[in-house]
Amino acid sequence: MMLCWSFKMNLIWFFLLLFLYLGVFSCASSNNVSSRPAVVNIGAIFTFDSTIGKVAKLAIEEAVKDVNSNFSVLHGTKLAVKMRNSNCSGFGGMVQALQFMETDIVAIIGPQSSVVAHIISHVANELQVPLLSFAATDPTLSSLQFPFFVRTTHSDLYQMSAVAQIVDHYGWKEVIAIFIDDDYGRNGMSALDDKLAERRCRISYKLGIPPGPGATRGDIMDLLVNVAQLESRVIVLHVNPDSGLMILSVAHYLQMMGDGFVWIATDWLSSLLDSALPLPSETMDTLQGVLVLRQHTPDSDRKRTFFSKWNKLTGGSLGLHSYGLYAYDSVWLVAHALDAFFNQGGIISFSNDSRIKSVEKGGSLHLEAMSIFDDGPLLLKNVLQSTFLGLTGPIKFDSERSLVLPAYDIINVLGTGFRRIGYWCNYSGLSTVPPEMLYSKPPNRSSANQQLYSVIWPGETLSKPRGWVFPNNGKQLRIGVPIRVSYREFVSQVRGTDNMFKGFCIDVFIAAVNLLPYAVPYRFIPFGDGQKNPSYNELVYSVATGVFDAAVGDIAIVTNRTKIVDFSQPYAASGLVVVAPFKKLNSSAWAFLRPFTARMWVVTAASFLVIGIVVWILEHRINDEFRGPPKKQLITILWFSISTLFFAHRENTVSTLGRLVLIIWLFVVLIINSSYTASLTSILTVQHLSSPIKGIESLKNSDEPIGYQVGSFAEHYLSEELGISKSRLIPLGSPQAYAQALQLGPKKAGGVAAVVDERLYVEVFLSSQCKFRVIGQEFTKSGWGFAFPRDSPLAVDMSTALLQLSENGDLQRIYDKWLRQSSCTLESTELESDRLHLKSFWGLFLICGIACFVALFIYFLQILNKLRHADPTSCVSTSPGSSRSRQLRRFLSLIDEKKDPSNSGSKRKKIVRSFSDNDKDDKLGRNPEKKQTEMTNRSEINSNN
């Protein structure tokens, strides 16, 4: 019984759980079905019969078919697309968008026009319907203003970056911009202007074309005639296909598609070429040499398959361009976003807007039919987060809601078609390899890495166009030339003329202009009053403000000037130097003391004495040559130490320590001796120059007046850069004023301690004023150049011409013509002497003479003292004659007498010699007083002992 009850209870619970399970499952199934409707409606707005619209219409239809045939995308839900023709009209596009809002449209693909996109983006924002544009490239369509606008192609901001880099790559500085005068054209040119400015280039002239059929061929011709008279020859064409072809046709008629011109067309032309080739031959003739940009889409198997399918669909009558590919991918983007939207529980539902009802109240527009897409923000979020691989490559949005990896093909129109000369990508700039091959490498934007293949330019030439010419309006360049009143070798006005100049700078300019590959019409305009040198800063400022088209003269290239103008390559090197009076330092009688300072002399003398004492201590106990009476040992110390100076010491060292000390000391003596000899040689053989000013630092630290040339940048540099008070700066107007002020000196009124000026002026000054010289080194490095307005192309060509002048030697010949005519030069003040005079050595002779005199004086005193105490009979034998004669003979005998080391030894030698002489006399019988002499000698010996 219990078992039966238990079985019944389990069976009841089983059916109850099964019922609950089936109920829950059916609920879930019904919810899922309701969130994924069978059909989802999307809209599409574009111009059907336009170059972009023809391809986009077919691409969208094929995309919808492919999505609906792929169950893995929407899992059975079908897309239905409703297309509306905007006819490139902002008002028509708005009306079509409002009609979409009366239906259950969840997203709109399009529009292709930026003008229409600006208008209907407001509608999309209010009704929360994502707007996916595959062709609206206006950079100002931002996500901040239009959060429901999603650009599924690349912004013109990147295309204009590519154009700017192409312009910079070929070295052009100015372009003429021709654009369609609407949001698309104006905002594109604004982006181009910004990108060119980043590369120090600019748009020199902007030419707007009325949109639509408003511009006739005659209007275009009038506009291009004005363009032909402008300086720039680089023309950027940012228009629509209809007006673009007309502009190129008129340009071809006006011979503006010939040699020297550059035409860069944005991607409107590549869309036309891709979709409509082959174009008629007369149309292709007007496109020869044009550079065109095309949005880059990487090659893939899927893309090639679709192209094959496309050709079968169209029969080759309609080509597929990049905008068609982006339109195809836009449909797939909506499908992927809807799939994620449904997976997240999104429901397609609409609600009325109370604000619209209040506006409609009392009207007959039926605005109440429009409704808000409730989950529009969720669908927008999924659109921006979608990631997949489309026909155009990876579809993914960055943080700024732009497609990642923007890139463009650069193509060159020639013959009956075109060829690709390279690529541009935002990752690494210009290259000749596809961008997808560069993404795996580190970005490299160095100038050496920016490469393109050769271009066939308009006029069928391979030579890169210069990009500019002088305007064809008969206008001459206004060249400002300073009227100098000093140093007229550099530039001076020919007397009796208004616009004729001569000088070094003028000859260099004329020679450089003659090397240019084109004619330069110009005329010189004097600058200055002729009474004093003009301000060169004001001359440069006149170029910057447009008063002059250029400035020629001795214009220093300094920092504050380069900020407002462009300079040519320096044609002369120069820099600020200090000029001061000097005096020659000839060698004196005591010149031999100058190699060493007083301290060095004292230390050297003390070292000799110390070394003598050290060696004596080390040798005294074991070396007999260092022993003896104290007087003898003192003399030995002094003699030994001094004799090492000449390596002439006779005493031998026995101890190891003594030899070690002596070897080291001899090495020190060798170095000291060599240094002394070298220094003394320089002092005796070179005539040195001396000045109280040692350079710019000593001049800066003093409070003495400093001279500078009127009009030179030296005043600004001394006061602003070095901080020298302007009260110390004295303006000087001529070389004669230089000489007078320097001769007066800083202590007298009008005098200066030194003059600071550029080296080229100083060289001319010193060529005739040999009493002065340059002190120290150049403390600035600069040069002279010709000034041109910022970004002037003539500055680049003139720099090339100046380099050519330098290489072929003409620049040096011009320099020699004007600046190498004087006899006294800077180098001539530094004379070398190859003969030595007595005045350089008489001090040494004097010291030697004094030493000889003192030694002889002491010696003779010793002899006289000995003569006074000596016995006359012991020195001179008795012989007849006068007393004076005997004293003289006795004196000479003492001088001639050899002195033994000891007195006793000496006397013993004399006695022995005397005994031997007497013995000889006895043997010969010539000494009758022998006995008396012997007695005298013996008594003398006894007394000495």
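Atoms considered below: every heavy atom in the structure, side chains included; atoms not considered: hydrogens, waters and symmetry mates.
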A.B. asks: Has R561 got its NZ or CZ under 6.0 Å from the middle of the six-membered ring of F567, at an angle within 45 degrees of the ring axis?
C.D. replies: no

A.B. asks: Is the Y170-W457 ring centre distance short of 6.0 angstrom?
C.D. replies: yes

A.B. asks: Less than 3.5 Å apart, any donor N or O on the side chain of N533 or S486 sitting next to an acceptor on the other?
C.D. replies: yes

A.B. asks: Can you tell which of I775, D757, L766, V756 makes a side-chain contact (heavy atoms from CB on, under 4.5 Å) with V579?
C.D. replies: L766

A.B. asks: Here's a test for you: under ring pair (Phe, Tyr, Trp, His ring centres under 6.0 Å), which of F786, F501, Y571 qualifies with F509?
C.D. replies: F786

A.B. asks: Under 3.5 Å, is there a donor-acceptor pair linking the side chains of D168 and Q165?
C.D. replies: no

A.B. asks: Taking the ring of F772 and the ring of F765, is the distance between their centroids below 6.0 Å?
C.D. replies: yes

A.B. asks: Parallel, tilted or perpendicular for Y423 and H296, by the 30°/60° rule?
C.D. replies: perpendicular

A.B. asks: Tell me if a side-chain donor or acceptor on S243 pairs with a main-chain N or O of V239 at a distance below 3.5 Å.
C.D. replies: no

A.B. asks: Are S782 and T780 close enough, and set up right, to give a side chain to side chain donor-acceptor pair (under 3.5 Å), and what steps lead you there?
C.D. replies: CA-CA 6 Å; S782 62; T780 66; 4.8 Å; no

A.B. asks: Is the W818 to F490 ring centre distance short of 6.0 Å?
C.D. replies: no

A.B. asks: With a 6.0 Å cut-off on the ring centroids, do Y184 and W268 count as close?
C.D. replies: no

A.B. asks: Where the side chain of S542 meets the backbone of E538, is there a donor-acceptor pair that is under 3.5 Å apart?
C.D. replies: yes

A.B. asks: Within a reach of under 6.0 Å around CD of E720, are more than 12 heavy atoms found that belong to other residues, nucleotides or ligands?
C.D. replies: yes

A.B. asks: Look at the aromatic rings of Y408 and W424 and report parallel, tilted or perpendicular, splitting at 30° and 60°.
C.D. replies: tilted

A.B. asks: I'd like to know if the side chain of Q450 and the backbone of L430 have a donor-acceptor N/O pair within less than 3.5 Å.
C.D. replies: yes

A.B. asks: W784 pairs by ring pair (Phe, Tyr, Trp, His ring centres under 6.0 Å) with which of Y536, F504, Y761?
C.D. replies: Y761

A.B. asks: Is the Y158 ring parallel, tilted or perpendicular to the H154 ring (thresholds 30°, 60°)?
C.D. replies: perpendicular

A.B. asks: Would you please say whether a donor-acceptor pair under 3.5 Å links the side chains of D816 and Q812?
C.D. replies: yes

